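Every value quoted in this text rests on a predicted model; they were computed, and no experiment measured them.
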Amino acid sequence: MIEFFYETDFEISPSQEWIDWITNSMLEEGKSIGELNYIFCDDEYLLAINQQYLDHDYYTDVIGFDNSENDVLHGDIFISVTRIAENAQNNAVSFQNELARVMIHGILHFAGYLDYEKEDKAEMTAKENFYLNKFSLAQ
């Protein structure tokens with residue numbers, strides 16, 4: 001089950017279409033969704049999490065806490081709506097497109113994809129693009 005929580009005025013809509021897209025994307029990866037929470041917040045909220053739990057002192061767009069077991073994905077994905085808006089503008093894409101990219105990026109980590117090495121990052125970006133192309137709201 002995927003749930004959305006809000007620590008900001010932002011609200012995702014239509015939420016069921018987003019849930020179906022994420023669920024179907026992970027089914028294509030051979031994964032199922034257990035308890036998955038997306039928490040939408042602002043930069044300061046996510047910065048505090050980054051500092052407290054990861055000992056990083058910088059803004060970021062997404063942080064995930066993965067509790068997955070085998071092929072069942074569980075966890076919490078925190079997303080800074082502030083950072084999404086800024087990144088969308090900087091990358092000349094729509095807010096919806098950048099939001100979808102970050103949402104799928106977070107769950108792809110839970111599915112086992114990495115992005116630390118150059119080759120891993122290229123594979124992650126290819127997967128993001130693959131699933132973005134399947135989602136009409138990201139266009």
Do the non-hydrogen side-chain atoms of [X] and [Y] ever get within less than 4.5 Å of each other?
| X | Y | result |
| --- | --- | --- |
| Glu17 | Asp20 | no |
| Phe95 | Asn97 | no |
| Leu73 | Leu36 | no |
| Tyr53 | Ile63 | no |
| Glu11 | Phe4 | no |
| Ile39 | Glu7 | yes |
| Tyr45 | Thr82 | no |
| Ile12 | Tyr6 | yes |

Same cluster for [X] and [Y] if Ile/Leu/Val/Met/Phe/Trp/Tyr side chains link at under 4.5 Å?
| X | Y | value |
| --- | --- | --- |
| Tyr113 | Phe110 | yes |
| Leu47 | Leu54 | no |
| Leu132 | Ile84 | yes |
| Val62 | Ile49 | no |
| Ile104 | Leu46 | no |

On a heavy-atom basis, which atom in [X] and which in [Y] lie closest, and how many Å separate them?
| X | Y | answer |
| --- | --- | --- |
| Ala100 | Phe135 | CB-CD2, 4.1 Å |
| Ser94 | Ala88 | O-CB, 3.8 Å |
| His74 | Gly34 | CE1-CA, 3.4 Å |
| Ile77 | Gly106 | CD1-C, 3.7 Å |
| Thr23 | Ile2 | OG1-CD1, 3.6 Å |
| Val102 | Asp61 | CG2-OD2, 3.6 Å |

Are more than 12 heavy atoms, taken from residues, nucleotides or ligands other than Glu119, located less than 6.0 Å from that residue's CD atom?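 It does not: Glu119 CD has 12 such atoms or fewer within range.
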Tell me, please, which residues at least two apart from Asp120 pass side-chain contact (heavy atoms from CB on, under 4.5 Å).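 Leu114, Glu117.
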Main chain of [Y], side chain of [X]: is a donor-acceptor contact present, judged purely on distance under 3.5 Å?
| X | Y | value |
| --- | --- | --- |
| Asp66 | Gly75 | no |
| Tyr38 | Met103 | yes |
| Asn91 | Val93 | no |

Taking ring pair (Phe, Tyr, Trp, His ring centres under 6.0 Å) as the definition, give me every residue that meets it alongside Phe130, ordered by chain and number, with sequence neighbours left out.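 Phe130 satisfies ring pair (Phe, Tyr, Trp, His ring centres under 6.0 Å) with no residue once adjacent residues are dropped.
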Would you please say whether a donor-acceptor pair under 3.5 Å links the side chains of [X] and [Y]?
| X | Y | answer |
| --- | --- | --- |
| Glu3 | Asn37 | no |
| Asn24 | Glu28 | no |
| Arg101 | Asn87 | no |
| Glu29 | Tyr131 | yes |

Let me confirm one number: the CD1-CD1 distance from Ile33 to Ile19, rounded to the nearest 0.5 Å.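 That separation rounds to 10.5 Å.
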Nearest 0.5 Å please: distance from the CE atom of Met26 over to the OG atom of Ser68.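 So the gap between those two atoms works out to 10.5 Å.
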Angle between ring planes, Trp18 versus Trp21, binned at 30° and 60°: parallel, tilted or perpendicular?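 Taking Trp21 first and then Trp18, their aromatic rings stand perpendicular (interplane angle over 60°).
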Kindly assign one of parallel, tilted or perpendicular to the pair His109 and His105, based on the angle between their ring planes and the thresholds 30° and 60°.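 The rings of His109 and His105 stand perpendicular, inter-plane angle above 60°.
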Sequence-distant partners of Asp43, salt bridge (charged side-chain N to carboxylate O under 4.0 Å, His left out), two or more places apart: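 Expected list: Arg83.
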Considering only NZ, NE, NH1 and NH2 on the basic side and carboxylate oxygens on the acidic side, decide whether Lys31 and Asp71 come within less than 4.0 Å.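 Looking at Lys31 and Asp71, the cut-off is met.
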Compute the centroid of each ring, for Phe40 and then for Phe5, and state whether the two points are separated by less than 6.0 Å.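 Ring centres of Phe5 and Phe40 not closer than 6.0 Å.
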